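These notes are about the structure you will find just below.
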Amino acid sequence: MKTMGKIRHIAITAEDPFATAELFKKALGLEEISRGDSPLAREVYLTDGYLNIAIVCWKRTQETPNPYPDGYGLDHFGVHVEDLESAEAKARKAGAVSQPPPPVDLSRLSGNSIFFEKKLTLAGVKFDLSGHGWSTKKENAKAK
């Protein structure tokens with residue numbers, strides 16, 4: 001019997017990810033595993049040892065003057081799957097479609113891994129699929 005995919009990642013957008021991360025660390029006792037401040041984004045990655053939580057703010061650029069037209073908050077969740085191809089096929093059979101491209105050029109992220117492999121939407125909810133998962137340990141995380 002094949003196992004189900006496991007939710008291992010939640011992404012939150014915030015105007016100030018550093019301050020937001022401090023609030024979540026204080027309120028929930030989460031551990032910070034990495035943070036970054038690049039020309040593209042400010043971000044902090046937290047964990048409870050099981051789930052990876054990304055708190056991100058894409059920066060306003062000439063190409064993307066308003067990366068959050070709908071405001072900040074819960075953005076998507078990520079599912080770690082054993083077989084990416086069959087998980088994607090199953091999701092698409094249920095009605096999932098590809099997400100529109102993000103409001104930023106992800107190829108500009110330097111020195112970090114892109115953890116998702118497929119970005120889908122189902123019933124208006126965005127989610128990622130990954131065969132390799134998300135880091136929950138400092139030694140495995142790379143700052144952007």
Side-chain angles (χ1 to χ4, degrees), residues 1-59 61 63-64 67-144:
M1 179 177 144
K2 284 193 170 192
T3 60
M4 297 188 294
K6 305 292 184 196
I7 297 173
R8 293 288 192 261
H9 170 74
I10 297 173
I12 301 167
T13 59
E15 186 171 354
D16 184 340
F18 303 129
T20 302
E22 292 307 315
L23 292 172
F24 277 93
K25 286 167 28 179
K26 186 182 288 184
L28 302 174
L30 300 175
E31 178 185 0
E32 183 173 316
I33 55 176
S34 70
R35 69 171 49 206
D37 190 352
S38 72
L40 187 61
R42 293 172 306 176
E43 60 220 324
V44 180
Y45 294 87
L46 305 174
T47 188
D48 63 0
Y50 185 74
L51 264 160
N52 168 296
I53 300 173
I55 304 173
V56 179
C57 181
W58 299 111
K59 292 184 176 177
T61 64
E63 300 86 22
T64 312
Y68 298 106
D70 298 326
Y72 300 102
L74 184 61
D75 187 67
H76 67 272
F77 66 94
V79 180
H80 186 189
V81 297
E82 288 183 13
D83 181 340
L84 185 62
E85 189 175 302
S86 67
E88 179 184 13
K90 186 175 183 178
R92 288 189 184 279
K93 186 175 181 180
V97 296
S98 296
Q99 289 182 29
V104 296
D105 180 5
L106 294 178
S107 70
R108 291 178 49 201
L109 291 175
S110 61
N112 201 346
S113 300
I114 299 291
F115 292 103
F116 63 83
E117 294 171 88
K118 300 291 179 181
K119 298 184 82 49
L120 302 170
T121 300
L122 181 64
V125 177
K126 297 185 290 184
F127 66 99
D128 300 342
L129 297 177
S130 174
H132 50 73
W134 290 265
S135 178
T136 57
K137 296 182 179 6
K138 284 184 182 184
E139 60 269 17
N140 297 336
K142 297 178 185 176
K144 292 185 183 183

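These figures come from a predicted structure and were not determined experimentally. All values below were derived from every heavy atom in this structure, side-chain atoms included, with hydrogens, water molecules and symmetry-related copies excluded.
- In this view, E22 and K25, E32, R35 satisfy the side chain to side chain contact (heavy atoms under 4.5 Å, CB included) rule, not counting sequence neighbours.
- Of the possible donor and acceptor atoms, none in the side chain of K59 sits under 3.5 Å from a partner among the backbone N and O of D37.
- The closest side-chain heavy-atom distance from T136 to Y50 is not below 4.5 Å.
- The nearest pair of heavy atoms linking K126 to H76 is O-CB, 3.3 Å.
- Of the possible polar contacts, none joining the H9 side chain to the V79 backbone as a donor-acceptor pair under 3.5 Å is found.
- Annotation: side chain of N52 is in contact with side chain of I33 (closest heavy-atom distance under 4.5 Å).
- For R42, the side chain to side chain donor-acceptor pair (under 3.5 Å) criterion is met by no residue, not counting sequence neighbours.
- Residues S130 and G133 approach most closely at OG-N, 2.8 Å, considering heavy atoms.
- The stretch residues 90-101 participates, sequence neighbours left out, in these salt bridge (Lys or Arg N to Asp or Glu O under 4.0 Å) pairs: E88-R92.
- In this view, A96 and A91, L120, L122, F127 satisfy the side chain to side chain contact (heavy atoms under 4.5 Å, CB included) rule, not counting sequence neighbours.
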Q: For T47 and W134, run side chain to side chain contact (heavy atoms under 4.5 Å, CB included): C-alpha distance rounded to whole Å, both residues' side-chain angles, the deciding distance at 0.1 Å, then the answer.
A: CA-CA 10 Å; T47 188; W134 290 265; over 6 Å; no
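- Considering only residues two or more places apart in sequence or on other chains, E15 meets the side chain to side chain contact (heavy atoms under 4.5 Å, CB included) condition with Y72.
- At least one side-chain heavy atom of I12 sits under 4.5 Å from a side-chain heavy atom of F24.
- Under the side chain to side chain contact (heavy atoms under 4.5 Å, CB included) criterion, L84 pairs with V81, E117, K118, L129, sequence neighbours left out.
- A distance-only check finds no donor-acceptor pair linking the side chain of Y68 to the backbone of G73 [under 3.5 Å].
- Of all non-hydrogen atoms in A14 and C57, the two that sit nearest each other are O-CB, 3.0 Å.
- We find the CD1-CG distance between I55 and L30 to be 8.0 Å, quoted to the nearest 0.5 Å.
- Using a 4.0 Å cut-off between a side-chain N of Lys or Arg and a carboxylate O of Asp or Glu, D128 and R8 do not qualify as a salt bridge.
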